[in-house]
Amino acid sequence: MSRRNKIVLVLMLLVGIGIFAYSLRNVKLSSLVHDIQTLRWEWLLVALACIIIYLLIEAVIVQLFMSERDDDFTFKDAIRVPLVEQLFNGLTPFSTGGQPAQLIAMMQSGVEAGQASSVLLMKFVIFQSMIVINFLISLVIGFHFIAEKLQALSLLVVFGFLFHLAVVVGLLMIMYWNGMTKKLVNLLIKPVKWCGSKDKYESIKSNLDEKIDSFYKESLKMKQEGFKLVKVAIMTLIQLLFYYLIPYFIMLALGVSHVNVIMVTSLHVLIVMIISLFPIPGGSGGAEYSFSVLFSSFISVNSKLVLAMLLWRLLTYYFGMFAGMFALAFEPKKRKKKCGWEKTNSRL
């Protein structure tokens, strides 16, 4: 990792500790210790297994896409990709660092940049589409609950949905209406020409046109792998289900057994949507607040609610980051490829 990323990592750990300490301000330490001692560890292990399976399925998806492109790309190479993604998603606002980090990780394993970009593009399109599908289902089940609890959160849920929907619609427009999409994008950046220099406008326009054309060319390859895309879409739905079930198993570990698994899972989908709008890495602050507000109806004891929030963040945020650090510590085996992975190694 670069020095900057190390500093951000330390800052996010300090922020997490600060948020947890603030949450404990009205909690007796003896109550928290008692809750930890009475944890049902078998359910906590199930929650841990959920996040591990989530990461393993993503690795299987990466290897599935690479199976016909590179026979030398092993599962060990594949598992490193989602782990590195988790680390850099957690270190950057809006999780923007995950995609380029995955690209570099694959290039370090000897995959050509073009092939890696194609695989990551297909994975990204499917993942975003499945998030939107999951959200629509959860919206029907749990939105009224959020609206009753806190109106501000319901607005964030709607904005989060519109954001992810816009991403999917934008990607589909590039795939099927490339020319019209370029005209629309060029129209949207017109204010740059009015407010700035003409050279800056032309530079941005040229760069965006190049990226749109590149995406369109990659999308043509996607359309030739229809059956594989359907298979990956089903796997992604299963992958997300394991992730969304984590709070339910945490509640069972805390002895909260009177909860509806469908409602809890749906609320977690909506929380993830809310987190995506917070510009702070990992949605820190907003994530903990959303969890506390929504799940306080299921967990009435304050000490248990704080412990549930801590366990949830450890599994869904910090576990992936530390696993990503572990993955970075083990460099992939050098293979004779054209991309020169040694040069990309220093970028992570």
Q: Return each pair, listed once, that meets side chain to side chain donor-acceptor pair (under 3.5 Å) where at least one residue sits in residues 11-24; pairs must be two or more places apart or across chains.
A: none
Q. For the residue pair F249 and W43, does the interplanar ring angle fall in the parallel (under 30°), tilted (30 to 60°) or perpendicular (over 60°) class?
A. parallel
Q) Transitively linked via ILVMFWY side-chain contacts under 4.5 Å: V269 with M263? A) yes
(Q) Taking G98's backbone N and O only, do any of them form a donor-acceptor pair with N89's side chain (distance below 3.5 Å, no angle check)? (A) yes
Q) Got H268 and Y243 here, is their nearest side-chain heavy-atom distance under 4.5 Å? A) yes
Q | Backbone of S203 reached by a side-chain donor or acceptor of S206 within 3.5 Å | A | no
Q.
Would F298 and L305 count as a side-chain contact (heavy atoms from CB on, under 4.5 Å) here? Give the steps.
A. CA-CA 9 Å; F298 302 101; L305 180 62; over 6 Å; no
Q. Has R3 got more than 12 heavy atoms of other residues, nucleotides or ligands less than 6.0 Å from its CZ?
A. no
(Q) For a quick test of reading the model, state the closest non-hydrogen atom pair linking P281 to P93 and the distance between them. (A) CG-N, 4.0 Å
**Q.** side-chain hydrogen bond (donor to acceptor under 3.5 Å, both in side chains) partners of N186, counting only residues at least two apart
**A.** none
**Q.** Whether K304 side chain and L254 backbone form a donor-acceptor pair below 3.5 Å
**A.** yes
Q | Reported CG-to-CD1 distance for the pair D209 and I204, which is rounded to 0.5 angstrom | A | 12.0 Å
Q | Side chains of S284 and M12 in contact at under 4.5 Å (non-hydrogen atoms) | A | yes
Q: Mind listing the closest non-hydrogen atom pair of L252 and S257 along with its distance?
A: CD2-CA, 4.0 Å
(Q) With heavy-atom distances below 4.5 Å as the criterion, would you say the side chains of L270 and F161 are in contact? (A) no
(Q) Taking F330's backbone N and O only, do any of them form a donor-acceptor pair with R80's side chain (distance below 3.5 Å, no angle check)? (A) yes
Q | More than 12 heavy atoms from other groups under 6.0 Å of CZ on F319 | A | yes
Q) Is a donor on one side and an acceptor on the other found under 3.5 Å between the side chain of S67 and the backbone of L64? A) yes
(Q) Grouping I, L, V, M, F, W and Y whenever their side-chain heavy atoms are under 4.5 Å apart, do M173 and V168 come out in a common cluster? (A) yes
(Q) On a heavy-atom basis, which atom in F291 and which in I271 lie closest, and how many Å separate them? (A) CA-CD1, 3.9 Å
(Q) Tell me whether F127 shares a hydrophobic cluster with L165, the cluster being built from Ile, Leu, Val, Met, Phe, Trp, Tyr side chains joined at under 4.5 Å. (A) yes
Q: For atom OH of Y216, decide whether the heavy atoms of other residues, nucleotides or ligands shown that lie under 6.0 angstrom number more than 12.
A: no
Q.
Working to the nearest 0.5 angstrom, can you tell me the gap between M309 CE and S290 OG?
A. 11.5 Å
**Q.** Euclidean distance, I189 CD1 relative to E202 CD, rounded to 0.5 Å
**A.** 8.5 Å
(Q) Contact between V272 and F135 at the side-chain level, heavy atoms closer than 4.5 Å - yes or no? (A) no
Q.
More than 12 heavy atoms of other residues, nucleotides or ligands under 6.0 Å from CZ of F163: yes or no?
A. no
Q. Is there a side-chain contact between L229 and F65, using heavy atoms and a 4.5 Å cut-off?
A. yes
Q.
Closer than 3.5 angstrom, by distance alone: can the side chain of S266 be matched with the main-chain N or O of S138 as a donor-acceptor pair?
A. no
Q. Any side-chain heavy atom of F73 within less than 4.5 Å of one from V111?
A. yes
(Q) Listing request: all side chain to side chain donor-acceptor pair (under 3.5 Å) pairs with a residue in residues 50-59, at least two apart in sequence or in separate chains. (A) E58-K123, E58-Q239
Q: Determine, stepwise, if the pair V15 / I280 fulfils side-chain contact (heavy atoms from CB on, under 4.5 Å).
A: CA-CA 10 Å; V15 168; I280 302 173; 5.8 Å; no
**Q.** A327 versus V84, closest heavy-atom pair with distance
**A.** CB-CG2, 4.5 Å
Q | A287 versus W312, closest heavy-atom pair with distance | A | O-CZ3, 3.6 Å
**Q.** Any donor-acceptor N/O pair, D213 side chain to E210 backbone, under 3.5 Å
**A.** no
Q.
Donor-acceptor pair, distance only, cut-off 3.5 Å: does the side chain of S296 make one with the backbone of V293?
A. yes
Q. Going through the distances and angles, do I250 and L315 end up as a side-chain contact (heavy atoms from CB on, under 4.5 Å)?
A. CA-CA 10 Å; I250 289 176; L315 290 176; 4.2 Å; yes
Q. Between M66, Q63, Q102, which is the residue that forms a side chain to side chain contact (heavy atoms under 4.5 Å, CB included) with V119?
A. M66
Q: Please round to the nearest 0.5 Å and tell me the distance separating atom NE2 of H164 and atom CD1 of I133.
A: 14.0 Å
Q. How far does CG of L241 sit from CG of N134, to the nearest 0.5 angstrom?
A. 8.0 Å
Q: Check whether any side-chain heavy atom of V125 sits under 4.5 Å from a side-chain heavy atom of L121, and report yes or no.
A: yes
Q. Is there a side-chain contact between V10 and K6, using heavy atoms and a 4.5 Å cut-off?
A. no
Q.
Can you tell me if L136 has over 12 outside heavy atoms packed within less than 6.0 Å of its CG?
A. yes
Q: State the CD1-OH distance between I262 and Y248, to the nearest 0.5 angstrom.
A: 10.0 Å
Q) If two hydrophobic side chains count as joined below 4.5 Å and joins carry through other members, does I238 share a cluster with L48? A) yes
**Q.** Over 12 non-hydrogen atoms of neighbours within 6.0 angstrom of CD in E42
**A.** yes
Q) What are the two closest non-hydrogen atoms of F295 and P247, and how far apart are they? A) CZ-CB, 4.2 Å
Q: Identify whether I19 and L91 are in the same connected component of the hydrophobic contact network (ILVMFWY, side-chain heavy atoms under 4.5 Å).
A: no
(Q) One pair to check against side-chain contact (heavy atoms from CB on, under 4.5 Å): V81 and E85. What are the steps and the verdict? (A) CA-CA 6 Å; V81 175; E85 175 193 15; 5.6 Å; no
